[in-house]
Amino acid sequence: MLCASDYIAKSGWRHGSRVRSARERGTWSINIEPCSRDLRSTSEGQKHGSRRNNDHWTSEEVKELVDGVSVYGVGPWTKLKNERFPISIRTAVHLKDKWRNLVKAFTGNVKRRISPRLDKDCVEKIKRLAADYPRK
DNA sequence: CTTAGGG
DNA sequence: CCCTAAG
């Protein structure tokens with residue numbers, strides 16, 4: 001019965017040692033920009049003081065995602081992506097992945113502190129939406 | 001290309 | 001996150 005076939009080994013996002021980062025992840029800045037102050041083509045370069053440039057989702061993204069889902073629904077991630085954040089290279093695959101991960105992180109385990117301390121409203125919406133249409 | 005599921 | 005499969 002399939003022995004320990006853990007070809008993936010690491011359950012994280014890295015696939016062993018692929019390390020293919022550094023792709024088209026330069027600018028994204030969600031819909032809501034705190035202040036139009038960017039484009040610093042001077043030195044610094046690799047340091048980035050940085051806000052949320054690439055990698056990892058944040059409460060802002062989750063909020064937008066939940067907001068879009070609450071009105072659009074699960075499925076049309078493409079539309080959501082084009083309506084919410086056409087900027088950035090967040091494709092439907094990523095959106096779905098985030099949703100899945102979020103739902104799995106909230107449903108069931110009520111006692112769990114998530115990474116970026118999401119607001120109660122956010123969690124409630126996610127739970128409500130996740131329980132609304134069970135695509136499982 | 002987009003959605004859906006698994007690793 | 002990345003890959004694969006089906007539409």
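In what follows, chains are A, B, ... by sequence order, proteins preceding strands, each numbered from 1. Only a predicted model underlies this, so the values are computations on that prediction, with no experimental measurement involved.
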Query raised in the report: Under 4.0 Å between a side-chain N/O of A:Trp77 and OP1 or OP2 of B:dA4, yes or no?
Result: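 The answer is yes; a side-chain N or O of A:Trp77 sits under 4.0 Å from OP1 or OP2.
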Query raised in the report: Do any side-chain nitrogens or oxygens of A:Arg100 fall under 4.0 Å of OP1 or OP2 in B:dG7?
Result: no
Quickly work out the [X] [atom1] to [N] [atom2] distance and round it to whole Å.
{"X": "A:Leu80", "N": "B:dA4", "atom1": "CG", "atom2": "C1'", "result": "16 Å"}
{"X": "A:Leu95", "N": "B:dA4", "atom1": "CG", "atom2": "P", "result": "12 Å"}
{"X": "A:Tyr72", "N": "B:dT3", "atom1": "OH", "atom2": "P", "result": "13 Å"}
{"X": "A:Asn82", "N": "B:dC1", "atom1": "CG", "atom2": "P", "result": "14 Å"}
{"X": "A:Glu61", "N": "C:dC1", "atom1": "CD", "atom2": "C1'", "result": "14 Å"}
{"X": "A:Asp97", "N": "B:dG5", "atom1": "CG", "atom2": "C1'", "result": "9 Å"}
{"X": "A:Lys96", "N": "C:dC3", "atom1": "NZ", "atom2": "C1'", "result": "14 Å"}
{"X": "A:His94", "N": "B:dG5", "atom1": "NE2", "atom2": "P", "result": "17 Å"}

Return the minimal non-hydrogen interatomic distance between [X] and [Y], and the atom names on each side.
{"X": "A:Lys98", "Y": "A:Leu65", "result": "CD-CD2, 4.1 Å"}
{"X": "A:Ser70", "Y": "A:Leu129", "result": "CA-CD2, 3.5 Å"}
{"X": "A:Arg90", "Y": "A:Leu95", "result": "O-CD1, 4.4 Å"}

Query raised in the report: Should A:Trp77 and A:Asn82 count as side-chain neighbours, where that means a heavy-atom distance under 4.5 Å?
Result: no
